[in-house]
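Below: one structure in C-alpha cells.
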Amino acid sequence: MRSKKWAVACTVVAMSALAACGESGGGTAQAPTGGASPGASGAASGETFKIGVFGPEQIPQGEDVRDGAMLAAEELNAAGEGAKVEIVFCDSEAKPEKAIACITKFAQQDAVQAISGGFSSAETLAVLDTVKRAKLPFVSAGAASPDVTKGVDSTGPGKYIFRIGPVNSLSLAADMCVTVTTKLTKEGFSKFGILHEDAAFALPLVEFLNKCLVDPSGSTKGKIPAAVKGVEVVGTEKHTPQATDFSAQFKSLSDKGADFVIEVNSTQVGIQLGKQWATLKPGFALGGINVSGQSSSYFDVTKAVGQLNGPAGIVRAPVSEKTIPFFDAFEAKYQRDPLYNGASTYDGIYALHEAATRAGSLEADALVTELEKTDRIGAQGVEKFDESHDVIYSPTDPKAGLSLLYFQYQTDGSKKIVYPESLAEGNTYMKPPGVK
Amino acid sequence: MTSTTVADPAEPAAPVAPPTGPSRLKRLLRPNPLILLALPFLLLYLPRFVDNTTLLQQVAVGTVFVMFAASWDILSGYTGQVNFGHAAFIGTGAYTVALLSKYEPGVSNELALLAAVAVAAALGLLIGVPCLRLKGPYLALATLSVAGALVQLTFIYKSQTGGEDGIAGVKTVVDGAVSGPVGEALSKLVLGPLTFGALTPFNQYIYVSYFVTLVVMLLMVGGLMALGYGKRGLVLRSIQQDELAAEAAGVPLTRYKLGAFVLSAACAGLAGGLYAQVQGTVALNLLAVDLSLLIIIIAAFGGAGSIIGPAIGAYIVILLQNYYLDRSTDLFLEHPELKIGTFALLLIVVLIVQPRGLVPPLLQKLSGRGSPSRSAGATMAESGGAQP
Amino acid sequence: MDVLVQGALTSAVIALVALGFSLVYGVGGIVNLAHGSFFMIGAYSAYAMTQTGAPLLVAAVVGVLAATLAGVLLERLVIAPIRHQEVAVLIATLAVAILVQSGVQFFYGGLERQLPGFVDGAVSVFGVTLQQTRVLAGLIALVTIVVVLLVLTRSPAGRMVRAVAQDEEASRLIGVRPERVTLYVLAIGAGLAGLAGVLTAPYGVLTPTMWLLPLTQAFAIVILGGLGSIPGTVLASVVVGFLDRFVAFNVKDGDIKVGLVTVAVILATLVLRPQGLLGKVAH
C-alpha cells in the first residue's frame, strides 16, 4: 500500500538524517569523560587546555564573563608558557536549564578539562550537580550565594567546586555592617534605612544587616567590634527588580528620618534607583551594593554625585599590582570598564592555568589538588581558598585575602575609593548634595 | 450538527461522512498506525545510533514539551477553552516535586510525582470552575492572570521557593531508580543494548532521563489520543463547535468542560514534575508567560486539536530552538531571541494560511486520503463571536 | 496627597493606552494582544531618533508616527485576513508581540536604554516632589484624552466610529465601511499607545519586554470598565491608577504587591461581574 511505503521511507530517511545531523553537528563525542581524560598527561607547551566558560551573554554582566576569560587566555597564550588555553564560551541566557545544557555540552561534546564563569546564583547553583557528575574542576566567578560552596571539601564529590570571586554574600554583609558601624557613623550618620531589591540573594543579606547594625558584636558573637555610637535602623523597604519608580519607598524612609539609606541591588534596576535619587534628592545619602553602579556608563545616566558604592569587587586602583594593568588591558580591548565578575573570571582562568602548570597535567584530580594550593596575586587582590574552596576574605590584612572597597562618585563622575583608608589615597567621604 | 464555517479553499469539497462512532474512529486511525508507530520506534532506538548525548538531552527536553503541548491540546484544542496560562499547571507540578525534595527528601520520586499530579489537578479544578462561564478573551485573560498570580506568590514566598533563583538540587530520576545495586544492574542490562558506547556515570544519567521521559510520554500521549479520537473526543469537539447545540443534544457540559480542565492540569503537572526530576532544578521560567506562549505556538503550529500535531510540533520547535538553530548560523548563537521570533513569525503565517496547523494535513497526505476529517484546529480558528 | 497627585498622573497615562485598546475592541471586536507593542515601538523609535542626533521633539513625533504605522501594518497584514476568527486573532496578535520583542532585542539587546526627557529635574506639585518629566507626561496625556473624547462624541468621524461599535451590520446599511473604520481606529489607538510610550520613557527604562505591563494593565482596565464602554475605560483607568499608587504608598512592601492586587482585581471582575463596571452584557 502506498501509505505503508511512504511511512517506511520517511522513517528511514528521518533516522539517517537525525543520526547524520547529530554527529556532524557537534563533533564526534569522545570516550567517557570524567576523571581520566585520555592523552591529557603533561601540560607542556603544545598541549591545549580547553576551558568551558558559561554566562548570560545578553546582559553586560555576562559579556564581562566572556571578555574577562578571553583576555586572560589571550595574555596567557601570548606569554607562551605552559599549555595553550582555549576558551569555549556557551551562552546560558541566565537560565538554569540552559546553563545545565552548557555544562553537558562542555563535558560530552567539547571535551573541556575545566569550567569557569557563571554569573547569577540561580544558574550557578543549578549546574553544581551536573559539574559533580562530570567530575571537572569548576571555578565559579560570579555568584555570591554561600550555597555555591556549601558542603564542599577536599575529598567528597563537591571537591571540584571552587569560587574565586566574588566574596560570598555573608561576608559582604559583614563588611557592610563594619563599614556602617565604624566609618559611616564617624561621618555623622546615625539613622539608617535599607532599600533592597526583592531578590533571593538580598534577603539573607538584609536580614543579617538588620541584626548586625543594631548589635554588631552580639549578633556576630564578637567577631565584629561593638559600635562606637548608636546606630538606628529606621526602616526597610523593598522594590522589584524591574521597578522604575521609587518615590513611595523614598518617602517612607525619609518620613522615618533616615539620613543614610543602604541599597542592595544587582540588576539594571540600580540605574533607575540612582537616577531618581539624584533627581528627587529625598534628603538622605545613598550607598551600598549596586552592581550597575560599577559600570562606566552609570554616571552619565544617573548623575548620582555622592553615591557610595560598595562593597565593590573592583575599582581602578592599585588594590594589587595586577589591578590597574588588568583595567587598562580590558579597557583597551573592549572600550569599557570591567565589572567585578570580569575580573574574577580573568583571575579564574589564570588560576586554572597556573594550577595546570604546577600539576604538570590537565587531569581533573591533579588540577583540584593544585587549585587548593592557590596563593596568588590576581586583579582582585590576594587569592587563596579556604577548606570549602571559597575565596578568603580578609577585612584587615590585604595580604591574607581579598579585601572589599567602597568608592564614591565625585562631581565630575570619577570614582574615588574612600574605604579602606589604606587604598583611599587620601580621599575622604563627601556629603552628597542635598544631604545635611 | 455541522457549524456554518468559512470553506477552506485548499480542501476539495469531498463529502464528509457524518460522525458515527466506531467507523469514524477507524477512518481516523487507519491511515496513521504505521506512521504513529514510526515515531516511538525512532525515539526508542535513537540512542543506539546517535552518539551525541548533548542532542539526546535536548530530545528528552522535547519529549517533556510533547507532554506539555499534548496536555494543553486536550483542553484548548478540543473543547476550545483556550488556556493562555498552561505554565501554571506545569510549574505547580514542578514546584511540588522540588519542594518535597527540599523539605521531605524521604519521599520517593514516584510519590512526589503523584503529589504533583494531585496538586495540579486540584488547581485545574479550582480554575476550571469559575472559567466555565468565560470564553475567548475573557478566558485568555483569566488563565493568564492565574499564572501571573502564581509567579507573584512564588516571589512573595521566596524563602521557601527560592524566588527568582529557584530551587536547585532537586532529587533526580537517577536518584530514584538507579541508585541501589538492583537499580544499577537493571539499568546496565536495559541501557546497554539501547545505547551507543560505553556507559559512564555522566551519560548514564542522560540515558536514564531520556528513557524515563520517553516511556511516560508515550503512555500519556497514547492515552490522550485514545481519548481524543474516541467517542469522548467527539463530545469534546462538539462543545467547541457549538456549545448550545451540544447542551441541547444532552451533553453534560460542566462535566466535560471541567473534566478536560482537570485532565489537562493533571497531565501537565506530571510532566512538570518529571521535568524537575530530569533537570534537577526548578525556577520561575516554569511558571512564566513565556512558557505558556511557547506551548501555544507549538500547538497551533503543529495543529491544535489533534494531539499528534502538537506532539510533533514540540519536537520540531524544541530541537530547533535548543540544538539545531544554534549550530546553523552564528546569527542564532549570538542572538537567541531570533529563534522565538522566527517561530512567532511562522505561527502567524500558519494561522493566516493554514489554520489547521502543519501536521494534520501532512498526515492526511501521507495516508493518501484527500477527504478532510476536520481537525479541531480549523474549528478553533473559525469559531468566532464568543460572548462573555 | 502623594497618592492623589501621582495617582492622577498615572491614571492619565494608562488611560491613553487603555483607550486605544478599548476602541479597537468596541469597533472591530478585536482583542489585540500586540497593543503593548505599539507602546514599545513608540518609545524605541523615539530613542532611535535621539541616537541619530535628532532633536527631542522630532524624536517624539517620529515615535508616535512609527507606532501608528505599525498599527496600520498590523491591521492590513495580520488582522484583516482573520478578522472573524476570535481565537486566531488572540494567538496571532500575541505572536506579533513576541516577534516585535525579538526584533527589538535583536537591534538593541538586553541592555536597558534611557530616553532623555524634555525637561529635567524635580518640581513640587501640591507639596509632592516629582520628576518634571512625569508631570509633563501626565498633563499631555490628559489633554490628549480630552481631545480624543471630544472627537468621539462631537465629530462626524466620531459618530461613524460609534455607529460601527454599536452595530456593525446596521452601520453598513447607512454607508459606513466597518473595515475602513477598524483600520482607522486601530491606527489611532496605536498612535495613542505610542504617545504613551514616548511620554513615559524618560522616567522609566526601555527594555524589550516593556510591552507586557501596559498590555496587561490595558486589558485589566478594559475588563474592569467593561469591554466596549469608553466611559467605563476612563473610569477604570482612574480606579486602577489610584489603586496602584495607593497600594505602593500605603501597603507594606506595596511595590511588590501591586502586581498581585491588579491580578486580584481582574479575577474578581471576571468571576463576579464579567461585564465590568459600565459594560453591556453582550457585544
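Here is the naming used below: chain letters follow the sequence lines, and residue numbers restart at 1 for every chain.
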* **CA sep, side-chain torsions, deciding dist, call: I98(C), L293(B), side-chain contact (heavy atoms from CB on, under 4.5 Å)** => CA-CA 9 Å; I98(C) 298 175; L293(B) 301 189; 3.5 Å; yes
* **For the student: nearest non-hydrogen atoms of I352(B) and L77(C), plus distance** =>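 Minimum heavy-atom contact is CD1-O, 3.5 Å.
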* With only heavy atoms counted, which part of I156(B) is less than 4.5 Å from chain C, the side chain, the backbone, both or neither? ->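 Looking at I156(B), just its side chain touches chain C.
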* **Proximity breakdown for V289(B) and chain C, heavy-atom pairs closer than 4.5 Å** =>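 When you check distances to chain C, only side chain atoms of V289(B) fall under 4.5 Å.
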* Contacting region of L346(B) [heavy-atom separation from chain C under 4.5 Å] ->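 Neither the backbone nor the side chain of L346(B) comes within 4.5 Å of chain C.
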* **Enclosure of F246(C) CZ (heavy-atom neighbours >12, cutoff 6.0 Å)** => no
* Structure fact -> On a heavy-atom basis, the closest approach of S102(C) and G341(B) is OG-CA, 3.1 Å
* Asked: Would L99(C) and F343(B) count as a side-chain contact (heavy atoms from CB on, under 4.5 Å) if you check the C-alpha gap in whole Å, the side-chain angles of each, and the deciding distance to 0.1 Å?
  -> CA-CA 8 Å; L99(C) 183 61; F343(B) 296 138; over 6 Å; no
* Asked: Which one of V96(C), T269(C), T93(C), V89(C) has the most heavy-atom pairs closer than 4.5 Å to chain B?
  ->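 Most pairs with chain B among the choices: V96(C).
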* What's the shortest heavy-atom distance between L351(B) and A88(C), and which atoms? -> CD1-O, 3.9 Å
* Any idea which of L141(B), V349(B), I348(B) has the most non-hydrogen atom pairs under 4.5 angstrom with chain C? -> L141(B)
* Asked: At their closest point, which heavy atom of F106(C) faces which heavy atom of E337(B), and how far apart are they?
  ->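 Here F106(C) and E337(B) meet closest at CA-OE2, 3.1 Å.
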* Asked: Do you know which two heavy atoms are closest between P137(B) and V31(C), and how far apart they sit?
  -> CB-CG2, 3.5 Å
* Begin with the C-alpha distance, continue with both residues' side-chain angles, and end with the deciding distance and a verdict on side-chain contact (heavy atoms from CB on, under 4.5 Å) for L90(C) and F84(B). => CA-CA 10 Å; L90(C) 277 176; F84(B) 274 75; 3.9 Å; yes
* Asked: Looking at A140(B), P130(B), P336(B), A149(B), which makes the most heavy-atom pairs under 4.5 Å with chain C?
  ->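 Heavy-atom pair counts peak at A149(B).
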* Selection from I82(C), T216(C), L212(C), L94(C) maximising heavy-atom pairs under 4.5 Å formed with chain B -> L94(C)
* Asked: Where do L270(C) and A142(B) come nearest, in terms of heavy atoms and distance?
  -> CD1-CB, 3.5 Å
* I91(C) CD1 to F301(B) CZ distance, which is reported to the nearest 0.5 Å ->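 Between I91(C) CD1 and F301(B) CZ, I get 13.5 Å after rounding to 0.5 Å.
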